Amino acid sequence: MTPLRRDLMSLLLLAPIVACASPEDRSEPAGATSDGLPAGSDAAAASIDEGYLATTLRDLSSDEMEGRGPGTPGDARARKTIAEALASAGVKPGAADGSWEQPFDIVGITSFLPDEWSFSTDGGRQSFRVLEDYVAASGLQNETASLADAELVFVGFGIRAPEHDWDDYKSADLKGKVLLMMNNDPDWDPRLFAGATRLYYGRWTYKYEVAAEVGAAGAIIIHTNASAGYPWQVVQTSWTGEQFELPAAGEPRVQVEGWLTEAAAAELVELAGFDLDELRQAARTREFEPVELGITTSMTLESTLQRTQTANVIGLIPGRDSELAHEAVIFTAHHDHLGMAAHDAGHGGPPAGADRIYNGAKDNASGTAMVMAMARAAASLPEPPRRSLVFAFVGAEEQGLLGSQHYASHPTFAAGRIAANINLDGGNVLGRTTDVGYIGYGRSSLDGVIEQVVASQGRMLRGDEFPDRGFFYRSDQFNFAKIGVPALYIKPGIDYIGRPEGWGREQAEAYTLNDYHQPSDEFHDSWSFDGMAEDAALALLCGLLIAEAEELPSWNRGDEFAAARAAALARDTR
């Protein structure tokens, strides 16, 4: 047997992975082996080729792709490359109209930020410098967004969570105010929220959404490296230049979405006689109430808008079972990245002669290459699994998971008929590991699937190594979870063979600090692809087991997405 599949047969014979029916109710379908996998799965997984991964990753992250910014020529070239590779492998087009692409409209907003953002009290005035101290964007799909003598209110974590008996807003009238809030969610007690594990309440997207719901005119998030999970430079690069959204659909919005550095926020509240640490400490209780700071601010953001299109690229391998082929396992990876910085050095543009291309090699040409290799391997099976396999390369993830959001709203398989989502966002380019990461461990019956396949590889399964960073809510599996689909989000391990203890964690931290959402996320000839091949084989085998099983996976009782799953199953009955 190959190193990727040590003793798979004996391990998978121990128990059915997902099925709940009694043994006498189950018969082995034609085309399946006794280990619960489609015939030929071992050879298909072993065929995932390091050379193919390296070449594909290099091509997708080349300068020719111009950083794969949504709606750009580089984006179109990347999508064409993916579709042609799927076609040559024998995968069928999977969009609803029989084509390779599921196009969707996006609105590009380029806001021109003032050099300084000023705040006033009765006793003084303080201004903060663009990029160095603050970053902001229009919250509207309009040419002008403005704040006019809007009052600032500190709202703690900015969270309303009735199931945790937590409400930072209480009954305060916050219409027209600018809300200053902390990043993250309460993390000091495992009995409160999820302790160190960040929930969606800790994400910046939630903060702006709830601020809009209470009628605020603006929202400012206080950045710290610990609470964001990345340094200030990531805010600078991710929030400047053209920002994309799905077209507005009448949802509430704030005028201005802003970020302040921790140092700037401390200066700001000190202007009104407050201490930032004392405010943050006061917010660590359920009894906290919003604090009017006695500070006002005005700002006008002029923006240019353009409406363009990008697309999800979708491939399909129809299932062989007439009853189960209308259900699917969906593999995802986002094909986009940040594109190119502006030519000038103003407001985020690089200095003359600097690298302007955000190639996005690890993020996420690597995951895209893995799913392309997995589709190629799955197409080589003598027969497909019972359920269908969908390979969805989604767009505009870096802009707020837009492609997967569009797919979740317009799925090619109804939500109740999607068995599971397996998402890959950032592959292992440093060598083989003795472990593998799984974001979402402990949430669904998919745990049993990945546990046994990881064991078959002779490796150890780890949960989220950085639970405080909220990774489950930061990639495309989140949009599938919101419509009830159980999800596997597979990440590289951290224990590298032949490396000292702690080396893998150091490399992950260094990438976040130096290369994440930076032009330096480029292909390197020194990279190794044997670990990536092993992880891709793992993801493929997990998907094939799910696609072959009798029963659909489920969220664990009480999980935040369990109700959505129940509703989808009731609506989309077989």
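Because the structure is predicted, anything quoted here is derived from the model rather than measured.
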Check: Could you go step by step and tell me if Y52 and M372 meet the side chain to side chain contact (heavy atoms under 4.5 Å, CB included) rule?
Finding: CA-CA 9 Å; Y52 178 85; M372 291 168 67; 3.9 Å; yes
Notebook entry, point to check: Between the side chains of D468 and N184, does any donor sit under 3.5 Å from an acceptor?
Noted result: no
Item checked: K482 atom NZ, neighbour heavy-atom count above 12 within 6.0 Å -> yes
Margin query: One pair to check against side chain to side chain contact (heavy atoms under 4.5 Å, CB included): I450 and L461. What are the steps and the verdict?
Written below: CA-CA 8 Å; I450 191 170; L461 183 64; 3.7 Å; yes
Checklist line | S475 and N423: side chain donor to acceptor below 3.5 Å | finding: yes
Next item on the list: Consider only side-chain N and O atoms of D185 and Y206, and report whether a donor and an acceptor are under 3.5 Å apart.
Entry: no
Margin query: Tell me if the centroids of the rings in F480 and Y407 come within less than 6.0 Å of each other.
Written below: yes
Check: Ring centres of Y489 and F471 under 6.0 Å apart?
Finding: no
Next item on the list: Go through C542 and L488 one step at a time and tell me if the side chain to side chain contact (heavy atoms under 4.5 Å, CB included) criterion holds.
Entry: CA-CA 9 Å; C542 287; L488 284 174; 4.0 Å; yes
Item checked: Ion pair E327/R387, N-O distance below 4.0 Å -> yes
Next item on the list: Would you tell me whether Y441 and E451 have side-chain atoms, one donor and one acceptor, within less than 3.5 Å of each other?
Entry: yes
Margin query: Is it the case that over 12 heavy atoms from other parts of the model lie below 6.0 angstrom from the CD atom of E163?
Written below: yes
Item checked: Within the 6.0 Å centroid threshold, strictly below: F472 and Y200 -> no
Check: Do H335 and F393 have ring centroids that are under 6.0 Å from one another?
Finding: no
Next item on the list: Any chance you could lay out the salt bridge (Lys or Arg N to Asp or Glu O under 4.0 Å) test for D495 and R462, step after step, and finish with the verdict?
Entry: CA-CA 10 Å; D495 288 338; R462 291 184 182 271; 2.4 Å; yes
Margin query: Could you check whether D75 and T310, counting side-chain N and O atoms only, form a donor-acceptor pair closer than 3.5 Å?
Written below: yes
Next item on the list: Answer yes when R443 and E560 have at least one side-chain N-carboxylate O distance shorter than 4.0 Å, and no when they do not.
Entry: yes
Next item on the list: Would you mind checking if K491 and E465 are paired as a salt bridge, meaning a charged N to carboxylate O distance below 4.0 Å?
Entry: no
Next item on the list: Using a strict 4.0 Å threshold on nitrogen-to-oxygen distance, state whether R68 and D336 make a salt bridge.
Entry: no
Check: Would you say the side chain of I314 lies within less than 4.5 Å of the side chain of T412, judging by non-hydrogen atoms?
Finding: yes
Margin query: Regarding E398 and H337, do their side chains bring together a donor and an acceptor under 3.5 Å, going by distance alone?
Written below: yes
Checklist line | Donor on one side chain, acceptor on other, H406 and N479, under 3.5 Å | finding: no
Margin query: Would R203 pass as a cation-pi partner of Y473, given that its NZ or CZ must be under 6.0 Å from the six-membered ring centre and within 45 degrees of the axis?
Written below: no
Check: Should the pair R386-E551 be classified as a salt bridge under the 4.0 Å nitrogen-to-oxygen rule?
Finding: no
Margin query: Under a 3.5 Å cutoff, is there a donor and acceptor pairing between the side chains of H517 and Q233?
Written below: no
